[in-house]
Structure formats: structure tokens, C-alpha cells
Undergrad: 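Quick one: the structure is below, questions incoming.
We're numbering straight along the sequence, starting at 1. Quick caveat, the model's predicted, so the values are computed rather than measured.
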Amino acid sequence: MAHYFEEPSRTFNEYLLIPGYTSEDCTIENVSLKTPIVKFKKGEEPSLTANIPLVSASMQAVSDDRMAVALAREGGISFIYCSQSVQSEAQMVKRAKEYKAGFVKSDSNLRPDQTLQDVLDLKAKSGHSTVAITDDGTPEGKVLGIVTSRDYRVSRLSKDTKISEFMTPFDKLIYAKKGITLSEANDMLWDNKLNALPVIDDEQRLAYFVFRKDYMNHKNYPNELLDANKQYVVGAAVNTRDYKERIPALVEAGADVLSIDSSEGYSVWQKRTLEWVREKYGDTVKIGAGNVVDAEGFRFLAEAGADFVKIGIGGGSICITREQKGIGRGQATAVIDVARARDEYYKETGVYIPICSDGGIVYDYHIALALAMGSDFIMLGRYFARFDESPSNRLNINGNFVKEYWGEGSARARNWQRYDLGSNSENMKFEEGVDSYVPYAGGIHENVNMSLLKVKATMCNCGVTTIPQFQKDAKLTLVSATSIVEGGAHDVTLRDSSQNVIK
């Protein structure tokens with residue numbers, strides 16, 4: 001007969017941490033969130049370590065080159081999505097690796113024959129007020145002018161006014177020539193009291209923008225995650241179908257770490273992919289695998305050669321795998337089980353294989369719980385999809401700003417390779433993800449810092465200052481349905497702080 005697990009599988013919401021002794025050393029300033037990303041032997045240092053335990057999911061609505069740069073600035077890693085052509089993904093990796101801190105590629109471009117309405121629409125979509133005006137409306141076109149919020153007043157200009165009538169034309173622009181150093185560019189910004197300085201090449205094409213706000217922000221990124229060449233660390237996803245073509249292209253583009261993107265990792269297809277990587281590259285290419293939800297799945301991928309293992313099936317906010325197939329496991333139980341298997345494997349072999357909790361995070365404190373339960377880092381989709389830096393559109397629906405967010409198993413993504421079961425069919429027979437919206441939350445920097453501030457405060461309350469200590473010494477308790485209610489605001493009438501009235 002079938003094998004039954006006696007205990008129910010549980011979610012993060014069913015656990016709380018018990019405080020530990022807080023010494024004078026347990027302050028937020030002393031907490032380190034450094035964590036290994038790839039496997040290493042006992043007594044050695046991992047070849048890749050993140051400064052924060054957050055990575056972004058390899059999804060069309062989450063992880064492109066812009067997110068890769070933004071998250072590396074914060075100390076984490078973005079896994080650029082693979083549900084696109086090999087060439088397109090490799091170009092994203094290349095752009096992220098070639099990104100020069102302070103020099104920003106323009107992603108807001110229009111033609112001079114377009115209108116003020118187009119400017120306003122683009123600003124609402126991207127959140128950027130500086131727009132490059134080129135002859136063909138692309139970032140590669142010849143620069144004819146610039147539009148900033150100082151060039152127009154909506155109350156005084158008709159929205160069908162041509163951009164050419166109010167833009168700052170090229171002959172009146174203060175700009176720098178390509179090849180200028182960042183220090184020199186910043187001096188020009190300050191000397192000329194500019195908010196944005198275009199950097200132009202010899203053919204009058206826009207190479208970069210340098211922004212005053214980036215000069216100010218640069219000091220706010222003490223956790224920047226850089227490689228040996230002082231370039232941002234970038235991850236990329238691969239599948240088990242075209243890996244022989246995709247992996248060499250991503251490696252050549254400069255990807256620092258790869259991850260097999262799959263809804264279920266306990267398969268011969270992942271084993272073949274990992275074996276091919278080891279045969280061709282040895283240990284020089286770092287690649288994670290998954291997803292799994294139990295010790296057996298972890299052991300399989302560990303022995304197949306995975307550098308890290310992802311945990312989670314069906315726990316994502318846009319994932320409906322459990323509804324469609326009836327497979328999966330509560331994320332907390334899955335993490336606890338796999339973490340135990342990881343520790344046993346380490347004792348047996350002396351090789352530590354980091355594990356990544358992927359899915360099931362609803363609140364910031366769930367991040368702390370996942371770490372305490374044994375996760376080395378957390379993969380997040382919905383969380384990062386809410387930010388300016390995600391590639392999806394920002395929309396205004398019924399007066400509220402939202403960002404589009406869709407699953408890789410949705411009809412919109414058409415990522416059939418993620419659900420590879422060896423069939424020759426290249427069509428999705430049914431969906432395992434939904435198309436949705438998430439509340440717009442602003443920029444990544446403020447949000448990530450606030451989330452991690454909460455995690456650090458939790459760790460201090462538990463008497464630890466590092467993730468390994470947290471994994472070793474944390475005390476967790478199951479909670480009842482009644483105590484979950486008790487944990488939130490209850491038996492009071494809440495005030496709406498924005499209106500200062502009773503609601």
C-alpha cells in the first residue's frame with residue numbers, strides 16, 4: 001500500500017519562535033546575514049557567498065537584468081528567467097555583468113513626434129521622469145533631446161502637444177562624452193546643478209545616464225555583492241531541455257551561478273543535466289537544482305552533483321500545482337525535513353550543500369522562520385514583483401497602483417519546459433500558475449532593508465547574530481488557530497493613520 005506520513009505538513013504561519021537570552025552583543029548592528037550559496041567542504045570557505053539571504057525567483061515578472069543589478073546592490077542574487085530565447089537570456093546576463101555602478105542604461109525612450117500623453121503614460125509605467133528622445137524611440141537611436149519633469153506642466157500643456165515642442169533639444173543639453181569616469185561625471189552633475197547627465201558616444205547615441213540620486217544612493221549600498229572583477233554577481237536559470245545550448249551561452253555571458261528551473265526536481269532529467277555540467281565543466285560552473293520537498297529528493301540531487309537544492313512545490317502565491325495535480329507539501333515541514341537531510345549528508349560526507357526555501361513566504365517574519373528551520377537563503381517571487389525594479393507593468397486599477405505578476409506555469413508565460421516530464425510535446429496541456437496583480441510597493445532598497453531589519457531584530461531576540469547560530473539555537477513552537485488570531489490586533493477599533501479617523 002501507499003506510504004503515509006503520519007504528521008500533517010505545515011506552513012510557516014503555524015510556527016512561532018521562542019525568545020532566547022539577548023546579551024549585550026545581540027544588537028542589530030552586530031547581526032551578519034552572510035550565507036553560503038554553493039556547496040563547500042568542511043574547513044573550507046564557499047566559493048560564492050551572499051551578503052543577504054534573499055534571491056529573486058526566475059520568473060518573467062520578477063527577474064531580468066535590471067532586477068539582477070538592483071538585488072546585487074542589496075547583497076542578494078537574481079536568477080534571470082529562462083523562459084525566453086537563449087540569446088535573449090544571455091544578453092540580459094551580459095548587460096547585468098557589464099553594468100557600471102552609476103552608469104545607467106536608458107529604459108525610458110520616446111520619439112519627438114510623440115506627445116505629452118505618451119510621456120505621462122511612460123512615466124506611470126516605469127516610474128521614471130527622465131526620458132531620452134531619440135530619432136526612433138529606442139535607447140540605441142540618435143539622441144535629439146531629453147524630457148524631464150521640469151520641461152512641462154500638465155496644467156498648461158495640452159496632452160496632445162508634440163514632444164518636440166517642449167523637450168530640451170540636443171544643442172542645449174549639457175552632456176558628457178562616452179569614456180568619462182564616474183567621478184568626473186558626478187563633478188559635472190554638481191557643477192551644473194543637474195539631476196541627470198546624459199553620456200553620449202561619437203555617433204550622438206545615448207550610452208548611459210548618470211543621476212544625482214545615484215550618487216547619493218551609492219553610499220547606501222554597503223552590502224553590494226561583487227565578483228573578483230568588481231562586477232555584480234548575477235544568477236541565471238536553465239531548463240532540462242536545451243541546457244546543452246543555454247548553459248554555454250550563459251557561462252560565456254558571465255553568469256556566476258545557475259539554477260535549474262523546474263516545478264519538481266526529483267527526476268532523471270535533472271540528474272542528466274547535472275551530470276552533463278560536471279562532465280563538461282567539472283566544478284567550475286556552479287548550478288543548483290530542485291525543487292524537492294523531502295529528504296529523499298534532497299539526497300538524489302546532492303548525489304547527482306547539485307551545488308544547492310531548492311525546496312518547495314505548490315507554495316508560491318501564484319502556483320496552483322497542488323490544486324491541479326495534488327502534489328506538494330507544506331513549506332515549513334518541507335524545509336525542516338530537507339534541512340535535517342542536509343545536516344546528515346554533511347556529517348556523512350563533509351560536504352555542506354546549502355538549501356533554498358522557495359515559496360510560502362507571506363510575511364517578513366516567515367523569512368526568519370525559514371532561516372531558523374535550516375534554510376540558507378530564500379527565493380522570493382511575489383515579494384520582488386511588487387517593486388519598481390521588476391520587469392512587469394505598473395498599472396492604476398480603481399485608484400490603486402499594482403504590478404502585474406504571473407506564474408511561469410500560466411498560459412501567459414508558456415514555460416512548458418519548467419514542467420518537463422520527458423514528453424515530446426512542446427505545448428502546455430493545463431496551467432499550474434495564474435495571472436494576477438500584486439500591490440505596488442515602491443523601490444527595492446527601502447523594502448528589502450525594512451524586511452531584513454525585522455529579521456535582524458528577530459535574531460537578536462533569539463540571542464543570535466549569525467544565520468548558522470540561528471539554525472543551531474533557534475527554538476520553535478507550533479501554534480493553535482486561536483493563538484494565530486491572538487497574535488494580530490484584536491478586540492480594538494483600529495484607526496486609519498492616513499486619515500486620522502476611526503474606521
Undergrad: Would a distance-only check, ignoring hydrogens and angles, find a side-chain to backbone donor-acceptor pair under 3.5 Å from Gln270 to Gly290?
TA: yes

Undergrad: Between Glu303 and Arg299, does any NZ, NE, NH1 or NH2 come within less than 4.0 Å of an OD or OE carboxylate oxygen?
TA: yes

Undergrad: Hey, could you give me the CZ/CZ distance between Phe401 and Arg394, rounded to the nearest 0.5 Å?
TA: 5.0 Å

Undergrad: Rounded to the nearest 0.5 Å, what's the gap from CG on Asp64 to OG on Ser390? Could you check?
TA: 8.0 Å

Undergrad: Would you say that more than 12 heavy atoms from the other residues, nucleotides or ligands in this model lie under 6.0 Å from the CD of Glu279, or not?
TA: no

Undergrad: State, yes or no, whether a side-chain contact exists between Val351 and Phe40 at a heavy-atom distance under 4.5 Å.
TA: no

Undergrad: Once you round to the nearest 0.5 Å, how far does OG of Ser375 lie from CD1 of Ile355?
TA: 5.0 Å

Undergrad: Quiz question: by atom type and distance under 3.5 Å, do the side chains of Tyr208 and Asp201 form a donor-acceptor pair?
TA: no

Undergrad: Does a donor on one side chain and an acceptor on the other come within less than 3.5 Å for Ser63 and Ser56?
TA: yes

Undergrad: Please check if the number of heavy atoms outside Tyr15 that lie under 6.0 Å from its OH is greater than 12.
TA: yes

Undergrad: Measure across Ser78 and Leu71 and return the closest heavy-atom pair with its distance rounded to 0.1 Å.
TA: N-CD2, 3.9 Å

Undergrad: Can you establish whether the number of heavy atoms outside Tyr363 located under 6.0 Å from its atom OH is more than 12?
TA: no

Undergrad: Taking Glu14 for its side chain and Thr11 for its backbone only, find out whether a donor-acceptor pair lies under 3.5 Å.
TA: yes

Undergrad: Kindly say whether Asp256 contributes a backbone atom to a donor-acceptor pair with the side chain of Asp227 at under 3.5 angstrom?
TA: no

Undergrad: Would a distance-only check, ignoring hydrogens and angles, find a side-chain to backbone donor-acceptor pair under 3.5 Å from Asn291 to Ser263?
TA: no

Undergrad: Does NZ or CZ of Arg342 come closer than 6.0 Å to the centre of the six-membered ring of Phe298, within 45° of the ring's axis?
TA: no

Undergrad: Would you give the length of the straight line joining atom CD1 of Ile361 to atom CG of Asn13, rounded to the nearest 0.5 angstrom?
TA: 10.5 Å

Undergrad: If you look at every heavy atom in Tyr383 and Ser451, which pair is closest and at what distance?
TA: OH-OG, 2.7 Å

Undergrad: If we ignore hydrogens and angles and just use 3.5 Å, is the side chain of Arg386 paired with the main-chain N or O of Pro439 as donor and acceptor?
TA: no

Undergrad: Within a strict 4.5 Å, meaning less than it, do heavy atoms of the Ile367 and Leu54 side chains meet?
TA: yes

Undergrad: So, is the end of the Arg73 side chain (NZ or CZ) under 6.0 Å from the ring centre of Tyr99 and within 45° of the ring's axis?
TA: no

Undergrad: Working note: Gln84 + Met92, criterion side-chain contact (heavy atoms from CB on, under 4.5 Å); need CA distance, chi angles, decisive distance, verdict.
TA: CA-CA 11 Å; Gln84 58 179 317; Met92 284 190 181; 3.5 Å; yes

Undergrad: Distance from Leu258 atom CG to Phe79 atom CZ, nearest 0.5 Å?
TA: 8.0 Å

Undergrad: Do other residues, nucleotides or ligands put more than 12 heavy atoms under 6.0 Å from Lys271 NZ?
TA: no

Undergrad: Just wondering, more than 12 heavy atoms not from Glu45 lying within 6.0 Å of its CD?
TA: no

Undergrad: Where is the tightest heavy-atom contact between Arg66 and Asp388, given as atom of each residue plus distance?
TA: NH1-O, 2.9 Å

Undergrad: Report yes if the side chains of Arg340 and Asp337 come closer than 4.5 Å at any heavy-atom pair, otherwise no.
TA: yes

Undergrad: Can Lys94 and Asp65 be counted as an ion pair, charged N to O under 4.0 angstrom?
TA: no

Undergrad: Does Tyr405 offer a backbone N or O that forms a donor-acceptor pair with the side chain of Ser436 under 3.5 Å?
TA: yes

Undergrad: To the nearest 0.5 Å, how far apart are OH in Tyr346 and NZ in Lys41?
TA: 12.5 Å

Undergrad: If you measure from the Lys or Arg side-chain nitrogens to the Asp or Glu carboxylate oxygens, is any gap between Asp376 and Lys39 under 4.0 Å?
TA: no

Undergrad: Looking at Asp136 and Thr138, would you say the former's side chain and the latter's main chain have a donor-acceptor pair under 3.5 Å?
TA: yes

Undergrad: Would the distance check show the side chain of Lys403 and the main-chain N or O of Ala385 forming a donor-acceptor pair, the cut-off being under 3.5 Å?
TA: no

Undergrad: Answer whether the closest heavy-atom distance between the side chains of Gln60 and Glu404 falls below 4.5 Å.
TA: no

Undergrad: Is it true that a side-chain atom of Asn30 and a backbone atom of Cys26 form a donor plus acceptor pair closer than 3.5 Å?
TA: no

Undergrad: Quick one: does Ser106's side chain have a donor or acceptor within less than 3.5 Å of a partner on Pro139's backbone?
TA: no

Undergrad: Parallel, tilted or perpendicular: which describes the rings of Phe377 and Phe308, with under 30° parallel and over 60° perpendicular?
TA: perpendicular

